[in-house]
Amino acid sequence: MPLVTIDVIKDVFTPQEKRKLISNVTEAMIAVEGEAMRQVTWVIINEIAQGDWAIGGRPLAAADVHAMAGKSAA
């Protein structure tokens, strides 16, 4: 059974965006594995606390990620 784990910083994605991410990732797996795998394809989103994720030694918050993506905070 396919298991896809996605790590994100908490409060970066809205609940609707997370549902879309789950749906799109599932569809990508089905495109490779076949329709029979849909019912056993797991997608897990782990939300990491703001400040507990760093790049280049610099802790990140949701606002930092939104700034990188060029969008306003959710």
Side-chain angles (χ1 to χ4, degrees):
M1 91 181 123
L3 168 63
V4 180
T5 303
I6 304 168
D7 296 329
V8 299
I9 296 173
K10 186 169 176 50
D11 298 327
V12 168
F13 295 100
T14 66
Q16 296 85 355
E17 289 171 327
K18 288 187 278 187
R19 282 193 296 274
K20 185 174 180 180
L21 186 56
I22 289 167
S23 176
N24 288 351
V25 168
T26 299
E27 292 304 321
M29 290 300 298
I30 298 312
V32 173
E33 297 287 337
E35 185 62 37
M37 297 302 285
R38 182 178 301 278
Q39 296 305 314
V40 295
T41 297
W42 296 38
V43 179
I44 299 171
I45 297 178
N46 291 320
E47 291 189 297
I48 310 302
Q50 295 185 51
D52 286 351
W53 185 310
I55 297 176
R58 181 176 166 252
L60 296 175
D64 300 315
V65 177
H66 290 140
M68 283 188 258
K71 65 182 188 179
S72 57

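Values reported hereafter were calculated over all heavy atoms of this structure, with side chains retained and with hydrogens, waters and symmetry mates removed. Computed from a predicted structure; not experimentally measured.
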Enquirer: For Ile22, is there any backbone N or O sitting under 3.5 Å from a side-chain donor or acceptor partner on Thr26?
Expert: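 Yes, because the side chain of Thr26 sits within donor-acceptor range (under 3.5 Å) of the backbone of Ile22.
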Enquirer: Count I, L, V, M, F, W, Y as connected when their side-chain heavy atoms are under 4.5 Å apart, and connections chain through other members. Are Ile55 and Val12 then in the same cluster?
Expert: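 Yes, Ile55 connects to Val12 through the hydrophobic network.
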Enquirer: Could you see if Ile6 belongs to whatever hydrophobic cluster contains Val65? Use Ile, Leu, Val, Met, Phe, Trp, Tyr and a side-chain cutoff under 4.5 Å.
Expert: yes
Enquirer: Could you tell me which non-hydrogen atom of Pro59 sits nearest to which non-hydrogen atom of Gly51, and how far apart they are?
Expert: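 Here Pro59 and Gly51 meet closest at CB-O, 3.6 Å.
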Enquirer: Calculate, to the nearest 0.5 Å, the distance between atoms CH2 and CZ belonging to Trp53 and Arg58 respectively.
Expert: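 The CH2 atom of Trp53 sits 14.0 Å away from the CZ atom of Arg58.
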Enquirer: Drop me the distance from Thr5's OG1 to Ile45's CD1, to the nearest 0.5 angstrom.
Expert: 10.5 Å
Enquirer: Any ion pair linking Lys20 and Glu17 (charged N to carboxylate O, less than 4.0 Å)?
Expert: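 No.
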Enquirer: Apply the side chain to side chain contact (heavy atoms under 4.5 Å, CB included) test between Met29 and each candidate in Leu3, Thr41, Asn24; give the one that qualifies.
Expert: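 So, applying the side chain to side chain contact (heavy atoms under 4.5 Å, CB included) to Met29 and each of Leu3, Thr41, Asn24, only Thr41 qualifies.
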Enquirer: Check for me, please, whether Leu21 and Val4 land in the same ILVMFWY cluster - side-chain distances under 4.5 Å, paths through other members count.
Expert: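 Yes, Leu21 connects to Val4 through the hydrophobic network.
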Enquirer: Please give me the minimum heavy-atom distance between Lys10 and Ala49, naming the atom from each residue.
Expert: CB-CA, 4.4 Å
Enquirer: Distance from Ile9 atom CD1 to Asp64 atom CG, nearest 0.5 Å?
Expert: 7.5 Å
Enquirer: Applying salt bridge (Lys or Arg N to Asp or Glu O under 4.0 Å), which residue pairs with at least one partner in residues 39-51 are found, sequence neighbours left out?
Expert: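 Every pair satisfying salt bridge (Lys or Arg N to Asp or Glu O under 4.0 Å) with a residue in residues 39-51: Lys18-Glu47.
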Enquirer: So Arg38 and Glu27, side chain to side chain contact (heavy atoms under 4.5 Å, CB included) or not? Walk me through it.
Expert: CA-CA 8 Å; Arg38 182 178 301 278; Glu27 292 304 321; 2.7 Å; yes
Enquirer: Starting from Trp42, can I reach Val32 by hopping between I/L/V/M/F/W/Y residues whose side chains sit under 4.5 Å apart?
Expert: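 Different hydrophobic clusters.
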Enquirer: How long is the gap from CD1 on Ile48 to CG on Asp11, to the nearest 0.5 Å?
Expert: 12.5 Å
Enquirer: Taking atom CD as the centre, does Gln39 end up with more than 12 heavy-atom neighbours from other residues, nucleotides or ligands that are less than 6.0 angstrom away?
Expert: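 Result for CD/Gln39: open.
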Enquirer: Do Val40 and Val25 belong to the same hydrophobic cluster, where Ile, Leu, Val, Met, Phe, Trp and Tyr are linked whenever their side-chain heavy atoms lie under 4.5 Å apart, directly or via other members?
Expert: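 Result: no, two separate clusters.
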